[in-house]
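Everything below concerns the one structure shown next.
Below, each value reflects all heavy atoms present in this structure, side chains not excepted, and no hydrogens, waters or symmetry copies. None of the values given here were measured: they were computed from a predicted structure. Here is how names work: the chains are called A, B, and so on, in the same order as the sequence lines, proteins then strands, and each is numbered from 1.
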2 protein chains.
Amino acid sequence: MKIGQRYTEVRKKIFTAIEKMDKPVSAQEIYDYIKQNYEEVDLASIYRNLELMNKSDAVNVILFGEGKKRYELKNMKGHHHHLFCEGCGDIKDIEMKEENLIKNVKNKEGFVIKKHNLEFFGLCPNCQ
Amino acid sequence: MKIGQRYTEVRKKIFTAIEKMDKPVSAQEIYDYIKQNYEEVDLASIYRNLELMNKSDAVNVILFGEGKKRYELKNMKGHHHHLFCEGCGDIKDIEMKEENLIKNVKNKEGFVIKKHNLEFFGLCPNCQ
DNA sequence: TTCATTATTGCAAATGATTTGCAATATGTC
DNA sequence: GACATATTGCAAATCATTTGCAATAATGAA
Ligand SMILES: [Mn+2]
Ligand SMILES: [Mn+2]
Ligand SMILES: [Zn+2]
Ligand SMILES: [Zn+2]
């Protein structure tokens, strides 16, 4: 979990922001949070660091089709999935074990589940 | 699977394009395909129709974190998932049954799988 | 501690995807 | 065929994210 090579103030703030907000957050939300609690950090720096944090596996990128990415700290919770409300955008963690997850998750958290997306990422034979 | 209220030339072309390309395609790819095979259709019209097609459940939106959405016809194949190559962007369908899917999919198609994203969509108690 | 090196940041502008307002056009109906 | 209006094309706007570059801050050698 080493990001870049220097432990900067900006990086500390970004880590703390994501941790405190405790849900998948967008770059803009991180920006807003930092602005309110510390001295402002440039959005471009936030994007650059999120990119680094993702490459170095410090954060996960989570997608709900809102037109932007959300980020979550990787070391905080174990591997898990999400439930996204298409009405209000509320997000819930799903920490059930993966066998039969897709069946068992029905009505978890009182949600009425309409669909799910499951995508795998890796490298194809040519790119390995 | 009724889109809007008129079966227009533009809609026919979009359907055909997605069907012929036979993989999750972006709005721009649909635009390019149509331009080569028929008379050009405006990108804005493509976006407007994809939006409608999604709301009326004619297409699925698929996200790989590329910064854009991909669309797939819903009635063509049964429900399935995807494998995305982070090297070249190649996409494969995964049609295994869902019990133990996440375990069993390892090395499917010769891919080395690094991670997966599983998100559920629905309505929370407040929004139902 | 001070200094030098260079990674990182801020700022402004660029890019790319998607959305929107509006007038022109096409479709389904009578 | 003529009408009512859903749909389209076009241009401009918006939003998320990226990028170039000069200023600044972190780290380690002296
Ligand atoms: Mn989570
Ligand atoms: Mn598919
Ligand atoms: Zn809700
Ligand atoms: Zn590949």
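One interatomic measurement links the two molecules: OH of Y47(B) to P of dT14(D), which rounds to 18 Å at whole-angstrom precision. The NZ-C1' distance, from K12(B) to dT7(D), rounds to 14 Å in whole Å. Atom NZ of K68(A) and atom C1' of dT14(D) are 13 Å apart (whole Å). Look at CD1 on I30(A): it is 13 Å from P on dA16(D), rounded to the nearest Å.
One N or O on the side chain of K69(B) and one on the backbone of G65(A) form a donor-acceptor pair closer than 3.5 Å.
Distance from the side chain of R48(A) is smallest to dC11(C) among dT18(C), dC11(C), dT17(D). Comparing dT19(C), dG9(D), dT17(D) by their closest approach to the side chain of K69(A) singles out dT17(D). The side chain of A27(A) approaches dT17(D) more closely than any other nucleotide in the set dT19(D), dT17(D), dG9(D).
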Protein N or O to nucleotides 12-16 of chain C N or O, pairs below 3.5 Å:
none

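D32(A) and Q36(A) share no side-chain donor-acceptor pair at under 3.5 Å.
For R11(A), there are no salt bridge (charged side-chain N to carboxylate O under 4.0 Å, His left out) partners at least two apart in sequence or on another chain. H79(B) meets the ring pair (Phe, Tyr, Trp, His ring centres under 6.0 Å) test with H116(A), H81(B); sequence neighbours excluded.
Sorted by first then second residue, the side-chain hydrogen bond (donor to acceptor under 3.5 Å, both in side chains) pairs that include residues 13-22 of chain A, not counting sequence neighbours, are K13(A)-E39(A), D22(A)-K77(A).
No more than 12 heavy-atom neighbours from other residues, nucleotides or ligands sit within 6.0 angstrom of NZ on K114(B).
In this structure, Y38(B) and Y33(B) have tilted ring planes: the angle between them lies in the 30° to 60° band.
In this structure, CG in L83(B) is found 10.0 Å from CD1 in I91(B), a value given to the nearest 0.5 Å. With values rounded to the nearest 0.5 angstrom, Y71(B) atom OH is found 11.5 Å from N60(B) atom CG.
For the helix from dT1(C)-dA30(D) to dC30(C)-dG1(D), the angle separating the two terminal helix axes comes to 40°, with each axis derived from five pairs and the value rounded to 10°.
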Response to the item:
Its contact letters, B for base, S for sugar-phosphate only and - for none at protein heavy atoms under 4.0 Å, make nucleotides 25-30 of chain C read -BBS--
